[in-house]
Amino acid sequence: MKIATFNVNGVNGRLPRLLEWLEEARPDVACLQELKTSDATFPEAAIRDAGYGVLWHGQKGFNGVAVLARGTDPIESRRGLPGDAADTQSRYLEAVVDGVVIASLYLPNGNPQPGPKFDYKLAWMERLIEHAATLRDCGAPVVLAGDYNVVPTDAVADIYSTRSWKKDALLQPESRAAFERLQAQGWTDALRALHPDAPLYTFWDYLRQRWQRDAGLRIDHLMLNAPARERLQAAGVDKAVRGREKASDHAPAWVVIS
DNA sequence: ATGCCATGGACACCATGA
């Protein structure tokens, strides 16, 4: 089973690129983020025509997450993270496909930092850690896939250079500490586990020729609980997708579990 | 400190992103 995560940065504007990637990569499950569309304007028909069942949680203008499953309808298990009834941002959608629990998550960016947006990011991470504790032991393989908006380390394997990013929310010690606590709870960073030293960038800013210079960041992750980790066969980034016309600023990342 | 690029909303300028 191939499970992928892809921040599309606008699902309607990106639809030709998304369909092209689904056709060539043929993921069994695709978690999308940054739909930037309301529920009513989500391109359901085009995605079903491509052979995918789909769940989505949209939001007008911003955010928005979806779970696609090839040849079947994902079964929804949760819409929105628990822990804050006042949170209206569409950033978490969880489903079961073929006995595997899969979440599509879009963690808050958190800039500018410090400030209320950074506070929201850290609070959201606490809620994620709390919910992940219950998922970890649910008995099924679980994959938490998405745009975490956290660069795990300063190593060149995670970021081309920290010079322009030192004050960015993606690199702050508080963001990293929360990400590390999620891992310590029993979640494996699948791409890094299989490729300990390789650069695995998933985001290249549109600004300043960052794609052309391969000035990337690793911020999209697939986190696996122990039953999923035991079945992990392969993992990678579809880097070429970022180099196309009208590309998202993110590339898809994926795992294969047996 | 700012602009650099891109998306989408409800406009031909703004909010947001990372």
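Quick note on labels: first sequence line is chain A, next is B, and so on, each numbered from 1. Since this is a predicted model, take the numbers as computed values, not measurements.
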Check: When you look at Glu180(A) and Arg176(A), which way does the salt bridge (charged side-chain N to carboxylate O under 4.0 Å, His left out) test go after all the steps?
Finding: CA-CA 6 Å; Glu180(A) 283 164 17; Arg176(A) 287 174 166 170; over 6 Å; no
Mind checking the [atom1] distance from [N] to [M]? Whole angstroms is fine.
N	M	atom1	answer
dA18(B)	dC5(B)	C1'	12 Å
dT2(B)	dA6(B)	P	22 Å
dG17(B)	dA12(B)	P	23 Å
dT16(B)	dA10(B)	C1'	16 Å
dC14(B)	dC4(B)	P	15 Å

Notebook entry, point to check: Where each residue is assigned the nucleotide of DNA chain B containing its nearest heavy atom, which of Lys36(A) and Asp249(A) is assigned the position nearer the 5′ end?
Noted result: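 Result of the comparison: Lys36(A).
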Next item on the list: Please assess Arg192(A) against Asp158(A) for the test salt bridge (charged side-chain N to carboxylate O under 4.0 Å, His left out), listing each intermediate value before the final yes or no.
Entry: CA-CA 9 Å; Arg192(A) 186 52 78 214; Asp158(A) 285 340; 2.8 Å; yes
Taking any heavy-atom pair under 4.0 Å as a contact, classify [X]: base, sugar-phosphate, or nothing.
X	value
Tyr106(A)	sugar-phosphate
Asp147(A)	sugar-phosphate
Gln209(A)	nothing
Asp220(A)	nothing

Notebook entry, point to check: Who pairs with Phe42(A) by ring pair (Phe, Tyr, Trp, His ring centres under 6.0 Å), at least two apart in sequence or on another chain?
Noted result: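 Testing Phe42(A) for ring pair (Phe, Tyr, Trp, His ring centres under 6.0 Å), a comparison that skips the adjacent residues, returns Trp56(A).
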Next item on the list: Please identify each residue that fulfils ring pair (Phe, Tyr, Trp, His ring centres under 6.0 Å) with Trp187(A), with sequence neighbours left out.
Entry: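 Result, ring pair (Phe, Tyr, Trp, His ring centres under 6.0 Å) vs Trp187(A): none returned.
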Rounding to an integer number of Å, can you tell me how far [X] [atom1] sits from [N] [atom2]?
X	N	atom1	atom2	result
Phe203(A)	dA6(B)	CZ	P	12 Å
His250(A)	dT7(B)	NE2	P	13 Å
Asp205(A)	dT16(B)	CG	P	18 Å
Phe62(A)	dC14(B)	CZ	P	14 Å
Tyr206(A)	dG17(B)	OH	C1'	10 Å
Arg17(A)	dA6(B)	CZ	C1'	15 Å
Leu107(A)	dG17(B)	CG	P	12 Å
Lys60(A)	dC11(B)	NZ	C1'	13 Å

When you get a sec, tell me which of [options] is the closest nucleotide to the side chain of [X]?
X	options	result
Arg14(A)	dT16(B), dA18(B), dT7(B)	dT7(B)
Asn12(A)	dG8(B), dT7(B), dG9(B)	dG8(B)
Leu207(A)	dA18(B), dC4(B), dG9(B)	dC4(B)
Asn149(A)	dA18(B), dG9(B), dT7(B)	dA18(B)

Does anything in [range] reach DNA chain B, meaning a heavy atom under 4.0 Å, and if so which residues?
range	answer
residues 110-124 of chain A	Asn111(A), Lys117(A)
residues 158-182 of chain A	Leu170(A)
residues 39-49 of chain A	none

Does the side chain of [X] pick up a donor-acceptor pair with the side chain of [Y] at under 3.5 Å?
X	Y	answer
Arg91(A)	Asn63(A)	yes
Gln33(A)	Asp147(A)	no
Asn149(A)	Lys121(A)	no
His250(A)	Asn9(A)	no

Notebook entry, point to check: How long is the gap from CG on Leu232(A) to CD on Glu230(A), to the nearest 0.5 Å?
Noted result: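 Reported value, rounded in 0.5 Å steps: 11.0 Å.
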Next item on the list: If the plane angle is over 60° it's perpendicular, under 30° parallel, otherwise tilted; pick one for Trp204(A) and Trp211(A).
Entry: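 Perpendicular.
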Let me have the donor-acceptor pairs involving side chains of residues 165-172 of chain A, under 3.5 Å, with sequence neighbours excluded, atom names and distances please.
unit_1, atom_1, unit_2, atom_2, d
Trp165(A), NE1, Tyr160(A), OH, 2.9
Asp168(A), OD1, Asn111(A), ND2, 3.1
Asp168(A), OD1, Leu170(A), N, 2.9
Asp168(A), OD2, Asn111(A), ND2, 3.1
Gln172(A), NE2, Lys166(A), O, 2.8
Gln172(A), NE2, Asp168(A), O, 2.7

Notebook entry, point to check: Aromatic ring centroids of Tyr92(A) and His57(A) under 6.0 Å?
Noted result: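 No - the distance between ring centres of Tyr92(A) and His57(A) does not fall below the 6.0 Å cut-off.
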Check: Would you say dG17(B) has OP1 or OP2 under 4.0 Å from some side-chain N or O of Asn7(A)?
Finding: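 For dG17(B), OP1/OP2 do not have a side-chain N/O of Asn7(A) under 4.0 Å.
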Margin query: I need the minimum non-hydrogen distance between Arg218(A) and Leu200(A), along with the two atoms involved.
Written below: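 Taking every non-hydrogen atom into account, CG-O, 3.1 Å.
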Margin query: Syn if the chi torsion is within 90° of 0, anti otherwise; quick check, which is dC11(B)?
Written below: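 Syn.
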